[in-house]
Amino acid sequence: MIDPLNAWWAQQLVLCDWAFDPDPLSVEPQAALMRLHGLGVADRGELGWRLVESFGVGGSMADPARLLAALELVALAGAAGWLDERAGRAWAHRLAAEISAHYRDLDAWLSALRRARSAEGWVRGDDGFFEACEALAALEHDGDGITWERLGEWLAIHDTLPPLWPVEEEAQVWRLRAGFAPVISVPAIEGDWSGLAGWLGEAWQIHHRDDLIRSLLWLGGQGDRQGWDLDATRLLESDPASRYAWLHKLEEEDQRYGRVLLEFIEHGEPLEWAAWDWLRLIDLAWAGACMGWLSGREAADFALHGADLVMHRYSDWAALARAYQRGRSLFEGRNLLSTFEADWRLLLQSPVSPWRPALQGLVGQESLERSRQAIRAWRADPRHWVLALAAVREPELAARQGPAGPVSTARRDDALQYLAETLDLHPDEGISALSRYWLPAQAHHLNQLAADAAHGALPPAETSFGHADPAGLASRDALRRGSRHAATIHMAEKYAFYLQMAMDCEAFDAEGLAALADALRASLCRFYPDPRRLLEAWATWEGLLPEEEQPSLVVEIRWHEEDPGSLFHWLDWRAGEWQEPGPRPSLNLFTAMALVGPLNSPAWSLPHPESERERVSIREWIDGHYGLQGAEELGEFLEFLLESGDRQEYLINYAPYTLNAARLGSEIATLESGECSDEERTHLLRLQRVRDNEDGCNETDMAAWDVAQAVDLAIAARQLGWLEERAFVAVLERAHGLAAAHYSGWEAYARGLYAGFSFFMGETPERESFVAGFRQALVAWLSAAPPLAGPWASLEFPGARPRHWAPMHIDTLPGDSRTLH
């Protein structure tokens, strides 16, 4: 029995110089491929374009020459294995319906072809064409052919037009690739993309599977759009002169891009172009399938991820295409919006365009959810948390998502140099050295200040040592805006950057670094339930505590918060067993370490034994200031400080003079009248301070001076390995108790510390500046202005009644009974 569609199709192929055969797909595969290549159709992508082009656009009659050429292409593609039988018949059916709808009979069809014989792609002599027409007419009237009337009857019976594009649910996602080339059939085959390997290497520097996956994840998570978005955001806030200056600071090859961007801004064009990245993501996913680097499932999942992002941002195909056109304009450095209609008319208006279905709802939620899980699986390694945080400061790191790749020699050297010069961190110190950069006590301090600021409970700006710095006060008072956001991210993002540098130098234990990355993930998941909370907290604290001489990261952080593809939204966000990259001191230990005051930098984390390199400088300091040579001597001196210390020397050798002014005057006169040894000179200076009651030395308990020195030396001893952890904690507990016994609060403690510092300081030309600097530091520590000067303002003094408000979250140190858990 004759198949009407096949018979009619075969008859039309006679017009293409084919011998009549009732089976239009009977050509040998190799011969079909050669013929396709001869017609300029090197792959299935080009075939897809030719088929779409053959139907023209809505509202106009299709070119008959192209319709006939399409019938030949479909037959060749089916014979070559590019289209399966269903797809081939679907296209033939659609072409037959298009031709029948416009041409009432064979004569009208042949007349139209004669008029179009010299159109593009139609090169035939009149004699050959007339012969073909006669042969076709004969076929219509003999038993082997099918008449135009019978074709119409068959089409009427089969009035439902078959789908032209792949019908499987997940295959619908490949419609999004049509801007590059329509996908006419799945799965991908070798004949889908001619010259693909060379193009990947030249245009993308992609040479194997891992390169491809990293590029796919980069396009989804950052792409070209981030840099363009950030430039646009800043330019929108700039005046014309600043925009002009920005343009001319660009490298010469980037100025074309800059001019296009400014043109968009000046003409009010929407500054949105993410489609440029997300459609290329889908295109590269198809490339991976064609190369055999991705399985069909993997490629589909990547493409579905692109579709997920696209549908999040765009309402319809036109909006998607225009966004892509803007991105292409920026990438190529020439405004292509004027050619938008010509470039996209076919896809947006063709009756057989892959874009005929609505963009929204193109793929089902079940498929999208599976792709989301797959994309998160690619980023499940905790090092992606480190990458996400570090890439905000160094965006190039975002290109390293996915499989870990080799680190260049230059990058390794740069990382080592950064660690050594910026952090004084060296590989021989081992993984444990990184714990010094995990500062949970600092986060506690900031959270407490923020809670107190929100309740108007911050310490007064006026202290017994002077008034706090106005700029520092403004910064401190502004912390009330951070009261709802845990502050761990403020130090954790810096820690992540240091951890990334340690990974890049490849000189630390890889397994140890991986464990730290996992601990970082666990800690952040504990304090922030989702990426938006983390990014909102980061942006808030970044705005409250900007780094000097460093540009603010707020704009970059907000970009990650708003962009649906940002890596932060696709991390393995799960809270497991809580762990941290470094120890979290108890509140009592932190308070005890804070007793060191301005004698040293704030101790935001517990000390640990340092490397030999660090120990050299610490031993030199101990020897130079105290003349101590080893652990035993230091232990004895700590015992002295805690039991009696310099305060006892004052009580024994100087306090009696306050009761006998005449004797004091006589002693001073005697010492001033003759030559003095160094020891006698020191004694004379102290007698003079007693005489003048300098800095309240005669009426102030100076035990704080001994306590602060004891804590400072205990920290140093712990770093030298001269004190084990238990002994170190014991010293801190004794210091804590001694402070509580002598003082009622930080202000009184500060007066005692200042009096001791001033009284026992040796003779030096810089004395006045040292004392003035110490007074200024005490003001900052007492008032928390600036906020990170020191932690006194956020801590209850040992033994004092509680006066602080509890933070609204759990990002606090253990031991605070009022913290909400």
Side-chain angles (χ1 to χ4, degrees), residues 1-41 44 46-48 50-51 54 64-100 103 105-110 112-114 116-117 121-155 157-158 162 164 184-185 189 191:
M1 183 176 180
I2 295 176
D3 182 308
L5 178 62
N6 274 5
W8 177 86
W9 186 4
Q11 287 171 206
Q12 307 313 307
L13 294 177
V14 171
L15 297 175
C16 301
D17 291 338
W18 286 42
F20 178 74
D21 186 323
D23 181 6
L25 305 181
S26 61
V27 180
E28 288 294 326
Q30 193 59 37
L33 280 174
M34 292 179 63
R35 177 61 177 155
L36 284 167
H37 290 166
L39 292 172
V41 181
R44 290 204 301 188
E46 178 61 24
L47 173 65
R50 295 283 185 94
L51 295 178
S54 66
R66 290 196 177 193
L67 290 171
L68 180 59
L71 281 170
E72 181 179 23
L73 290 176
V74 172
L76 292 169
W82 285 8
L83 291 173
D84 61 25
E85 183 178 358
R86 185 210 61 80
R89 285 184 60 83
W91 279 104
H93 185 164
R94 191 67 172 81
L95 287 162
E98 183 75 10
I99 293 170
S100 177
Y103 306 101
D105 54 31
L106 178 63
D107 288 340
W109 169 237
L110 294 178
L113 288 173
R114 290 188 188 100
R117 69 185 184 277
W122 186 256
V123 182
R124 244 183 212 95
D126 285 346
D127 293 343
F129 178 68
F130 287 134
E131 290 175 2
C133 289
E134 291 173 359
L136 178 56
L139 284 170
E140 272 221 9
H141 296 93
D142 65 25
D144 294 330
I146 181 172
T147 64
W148 209 262
E149 183 179 357
R150 283 191 62 198
L151 172 66
E153 293 172 353
W154 185 88
L155 289 172
I157 295 172
H158 301 83
L164 298 179
I184 64 172
S185 185
I189 62 172

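Keep in mind the model is a prediction, meaning the values are calculated, not measured. Positions are given from 1, in the same order as the sequence printed here.
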I'd like to know whether D23 forms a side chain to side chain contact (heavy atoms under 4.5 Å, CB included) with W9, so could you lay out the CA-CA distance, the side-chain angles of the two residues, the decisive distance to 0.1 Å, and finally the verdict. CA-CA 9 Å; D23 181 6; W9 186 4; over 6 Å; no

Exercise: identify the closest heavy-atom pair between D21 and S26: OD2-OG, 3.1 Å

One should read off an interatomic distance between Q12 CD and L113 CG, to the nearest 0.5 angstrom, of 8.0 Å

With a 4.5 Å heavy-atom cut-off, do Y103 and P64 have their side chains touching? yes

Compare every heavy atom of P4 with every heavy atom of R150, then report the nearest pair and how far apart it is. NH2-CG, 4.5 Å

Between C16 and L68, which heavy-atom pair has the shortest distance, and what is it? SG-CG, 3.7 Å

For A97, does its backbone N or O pair with a side-chain atom of S100 as donor and acceptor, under 3.5 Å? no

If you compare all heavy atoms of V74 against all heavy atoms of G88, which two are closest, and at what distance to 0.1 Å? CG1-O, 3.4 Å

Relative to each other, are the rings of H158 and H93 parallel, tilted or perpendicular (30° and 60° limits)? perpendicular

Output the distance between atom CG (L71) and atom CD (E98), rounded to the nearest 0.5 Å. 11.0 Å

If only atom types and distance count, is the side chain of W82 paired as donor or acceptor with the main-chain N or O of I184 below 3.5 Å? no

Does R89 pair with D84 as a salt bridge, N-O distance under 4.0 Å? no

Any chance you could measure L67, atom CG, to R94, atom CZ, to the nearest 0.5 Å? 10.0 Å

Distance (rounded to the nearest 0.5 Å) between E72 CD and R35 CZ: 4.5 Å

Any P22 side-chain heavy atom under 4.5 Å of N6 side chain: no

Show the nearest heavy-atom pair for residues A77 and L47, with the distance to one decimal. CB-CD2, 3.5 Å

Flag, side chain of D105 to backbone of A108, donor-acceptor distance under 3.5 Å: yes

Quick check for you: to the nearest 0.5 Å, what is the distance between L95 atom CG and L73 atom CG? 9.5 Å

Nearest 0.5 Å, what's the CE-CG distance between M34 and L76? 12.0 Å

Do W8 and L155 make a side-chain contact, defined as non-hydrogen atoms from C-beta onward lying under 4.5 Å apart? no

For L15 and W109, run side chain to side chain contact (heavy atoms under 4.5 Å, CB included): C-alpha distance rounded to whole Å, both residues' side-chain angles, the deciding distance at 0.1 Å, then the answer. CA-CA 11 Å; L15 297 175; W109 169 237; 4.0 Å; yes

So which atom in F20 and which in A10 form the shortest heavy-atom distance, rounded to 0.1 Å? CE1-CB, 3.7 Å

